[in-house]
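Read the numbers this way: they start at 1 and go in the same order the structure lists the ligands and their atoms.
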Amino acid sequence: MRILIAGGGIAGLTAALALLRRGVEVQVLEQAHELREVGAGVQVSANGMRVFADLGIAEEVLALAARPSHREVRLWNTGQAWVSFDLGAASLARYGQPYVTLYRPDLVAVLESAVRRADPGCIRLGQRAIGCGQSSGAAMLRLADGSVVEGDALIGADGIHSAIRAQLHGASEAEFTGCVAWRGVIPTEALPAHLALPIAANWVGPGRHMVHYPLRGGALTNVVGVVEREDWLDEGWTTPGTHPDMLADFAGWHADVQSLIHAIPQPFLWALKLRRPLPRWTEGRITLLGDACHPTLPFMAQGAVMAIEDGLVLARALTDIAEVPLALRAYEAARHERTTRVVEGSAANTRRYHNPILGDPARAAAHVEQELAAAPAMERFDWLYRYDATTSPIPTP
Ligand SMILES: Cc1cc2nc3c(=O)[nH]c(=O)nc-3n(C[C@H](O)[C@H](O)[C@H](O)COP(=O)(O)OP(=O)(O)OC[C@H]3O[C@@H](n4cnc5c(N)ncnc54)[C@H](O)[C@@H]3O)c2cc1C
């Protein structure tokens with residue numbers, strides 16, 4: 001069996017590694033001339049680490065990760081803090097895996113080198129997919145240089161603007177969510193000691209929130225601030241913004257938030273876009289995974305983790321079920337409900353994090369305690385973190 005994967009992001013590389021480890025021939029066709037990730041952070045919860053353990057890369061990931069002890073919610077103006085849940089010992093005890101935070105280029109480097117170790121020729125760079133097709137026995141990927149590559153199945157892992165998705169399900173624009181995100185990575189030594197602790201913090205306030213957490217064993221600190229505003233539509237991850245503009249977006253927020261913004265060497269901002277969940281992903285020998293089929297707002301920190309789970313379940317389906325179109329439909333059936341729940345849950349968190357009640361001193365603390373602090377949060381996420389992509393049922397349609 002030979003599987004084609006369009007796109008070498010976190011989704012495509014994880015799927016490739018899972019397939020290679022099962023002895024399947026894989027070709028990853030990536031448009032970029034080198035595999036690069038934007039210099040930002042990504043959180044990988046226990047359900048994602050379970051996949052990395054199965055793929056034999058957990059040790060490498062842990063060596064580069066940071067392991068925050070807990071997550072706290074902080075109120076935008078007073079700085080009042082609540083422990084929302086324990087990410088360290090409790091994650092290990094409850095879910096058998098740690099909750100880690102990673103610098104994206106580090107994660108992609110681990111995935112890339114594991115794929116290249118398994119098959120040095122697996123990744124082909126500078127290959128832009130422009131379309132696809134299929135016959136009863138093969139899937140075809142058309143590339144921008146005019147060539148056509150053939151395999152038993154084609155997986156579109158080409159992100160939110162997926163060319164494969166557009167061809168299978170019709171071209172459409174991703175919709176602006178009304179939220180703009182700021183990001184920056186700070187050398188932690190530039191921060192005051194109380195902001196350099198190994199904690200993942202989520203500041204919440206009316207119409208905006210800010211998240212920060214350690215990367216690379218604490219050497220770096222990732223900051224993402226999300227603001228409801230309508231005047232910025234550029235979705236490039238590398239468009240620079242200015243400190244005065246970012247400070248204006250968080251005017252009146254706690255001194256710690258101001259310190260974080262001042263310490264960012266270069267803030268970037270981009271418009272958060274989204275698509276409605278597709279009713280189906282698969283067409284015969286072609287399917288989608290990761291952001292290509294379920295782009296997700298980052299408000300549950302699960303978009304990449306869903307892509308990671310997708311990759312393993314897809315590889316299991318393709319190796320357990322002999323007929324390729326059936327295997328792809330089984331993969332979709334196994335993943336559709338869960339990923340849709342994450343897409344919808346992430347969007348629903350906008351209201352929790354940005355609730356106007358947070359501007360009312362009489363009601364703000366009660367909102368945090370009810371919606372975001374310890375017990376309800378842990379229960380709310382149990383279904384998410386307990387999921388085991390290595391054993392979850394793959395129902396044959
Ligand atoms: C601010 C922010 C914070 C986030 N934080 C988290 C987090 O903490 N935890 C988490 O789990 N998720 C997080 N996410 C979500 C996560 O980043 C994405 O879900 C994840 O990166 C999707 O991976 P992907 O491989 O599907 O897509 P992408 O990362 O977009 O990769 C797609 C790849 O396909 C390539 N490609 C595109 N078009 C073509 C083409 N035509 N031909 C060939 N190649 C092509 C691209 O070059 C790229 O390499 C966050 C997202 C944002 C915006």
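- Contact annotation for Ser162 and ligand 1: no heavy atom of the residue comes within less than 4.0 Å of the ligand.
- Few gaps surround CZ on Arg117; more than 12 heavy atoms of other groups in view lie less than 6.0 Å from it.
- Enclosure of atom CD in Glu189 is not indicated, since only 12 or fewer non-hydrogen atoms of other residues, nucleotides or ligands lie within 6.0 angstrom.
- The protein non-hydrogen atom at the shortest distance from atom 37 (C) of ligand 1 is Asp158 O, 3.3 Å.
- The side-chain contact (heavy atoms from CB on, under 4.5 Å) with Leu328 is formed by just one residue from the set Leu318, Leu288, Ile286; it is Leu318.
- Among all non-hydrogen protein atoms, the one lying nearest atom 35 (C) of ligand 1 is Glu30 OE1, 3.2 Å.
- The residue Ala181 has no part lying near ligand 1, judged by heavy-atom distances below 4.0 Å.
- Checked by distance only, ligand 1 and Gly159 stay at 3.5 Å or farther apart across all their nitrogen or oxygen atoms.
- Of the heavy atoms in Gln127, only backbone atoms (N, CA, C, O) come closer than 4.0 Å to ligand 1.
- Under 4.0 angstrom from ligand 1, the non-hydrogen atoms of Ala304 come from both its backbone and its side chain.
- In this structure, Met306 has no heavy atom closer than 4.0 Å to ligand 1.
- Asn222 and Tyr213 form a side-chain donor-acceptor contact under 3.5 Å, judged by distance and modelled atom types alone.
- A donor atom on one side chain and an acceptor atom on the other are not found under 3.5 Å apart for Thr390 and Arg50.
- Less than 4.0 angstrom separates some heavy atom of Leu29 from each of these atoms of ligand 1: 43 (C), 44 (N).
- Residues Ile199 and His70 form a side-chain contact, since some pair of their non-hydrogen atoms from C-beta on lies under 4.5 Å apart.
- Contact annotation for Gln43 and ligand 1: heavy atoms of both the backbone and the side chain come within less than 4.0 Å of the ligand.
- Among all non-hydrogen protein atoms, the one lying nearest atom 41 (N) of ligand 1 is Ala129 O, 3.0 Å.
- Protein heavy atom in closest approach to atom 1 (C) of ligand 1: Trp270 CZ2, 2.9 Å.
- Arg104 NH2, 3.8 Å is the protein heavy atom nearest to atom 13 (C) of ligand 1.
- A salt bridge is absent between Lys273 and Asp234: the closest approach of a Lys/Arg side-chain nitrogen to an acidic carboxylate oxygen does not fall below 4.0 angstrom.
- The residue Ala6 has no part lying near ligand 1, judged by heavy-atom distances below 4.0 Å.
- Taking distance alone, with nitrogen or oxygen atoms compared against 3.5 Å, Asp291 approaches ligand 1 more closely than that limit.
- Ring centers of His209 and His354: under 6.0 Å apart, within the cut-off.
- Neither the backbone nor the side chain of Arg124 comes within 4.0 Å of ligand 1, counting heavy atoms alone.
- Note that NE2 of His294 is 15.0 Å distant from CZ of Arg341, once rounded to the nearest 0.5 Å.
- Checking only distances, Gly303 does come within under 3.5 Å of ligand 1, N or O to N or O.
- Using a 4.5 Å heavy-atom threshold, the side chains of Leu102 and Gln43 count as separate.
- Residue Ala11 has at least one nitrogen or oxygen atom sitting less than 3.5 Å from a nitrogen or oxygen atom of ligand 1, judged on distance alone.
- For Thr296, the heavy-atom gap to ligand 1 stays at 4.0 angstrom or more.
- Between Ala307 and ligand 1, no pair of N/O atoms sits closer than 3.5 Å.
- Taking a cut-off of under 4.0 Å to the non-hydrogen atoms of Pro298, the atoms of ligand 1 that pass are 1 (C), 2 (C), 3 (C), 4 (C), 50 (C), 51 (C), 52 (C).
- If you take CG on Asp106 and CG on Leu64, they are separated by 4.5 Å, rounding to the nearest 0.5 Å.
- Remark: ligand 1 atoms within the under-4.0 Å shell around heavy atoms of Gly290 are 26 (O).
- Of all the heavy atoms of Thr101, none lies under 4.0 Å from any atom of ligand 1, so neither backbone nor side chain is involved.
- Checked against the 6.0 Å centroid criterion, the rings of Trp76 and His254 do not qualify as a close aromatic pair.
- Looking only at heavy atoms of the protein, atom 44 (N) of ligand 1 is closest to Gln31 N, 3.1 Å.
- Heavy-atom proximity to Ala301, at under 4.0 Å, picks out these atoms of ligand 1: 7 (C), 8 (O), 9 (N), 10 (C), 11 (O).
- Other residues, nucleotides and ligands place more than 12 heavy atoms under 6.0 Å from the CZ atom of Arg116.
- No hydrogens or angles considered: a donor-acceptor pair under 3.5 Å links the side chains of Glu309 and Asn47.
- By the 6.0 Å and 45° rule, Arg386 does not stack over the aromatic ring of Tyr95.
- Between His336 and Trp281, the ring planes are tilted. Angles from 30° to 60° get that label.
- Residue Arg128 places no N or O, backbone or side chain, under 3.5 Å from any N or O of ligand 1.
- Of the protein's non-hydrogen atoms, Gly7 CA, 3.3 Å is the one closest to atom 34 (O) of ligand 1.
- The nearest protein atom to atom 53 (C) of ligand 1, hydrogens excluded, is given as Trp237 CZ2, 3.1 Å; this is a heavy-atom distance.
- Between Asp249 and Trp182, the side chains place a donor N or O and an acceptor N or O closer than 3.5 Å (distance only, hydrogens not considered).
- The atoms of ligand 1 that sit less than 4.0 Å from any heavy atom of Ala157 are 32 (C), 33 (C), 34 (O).
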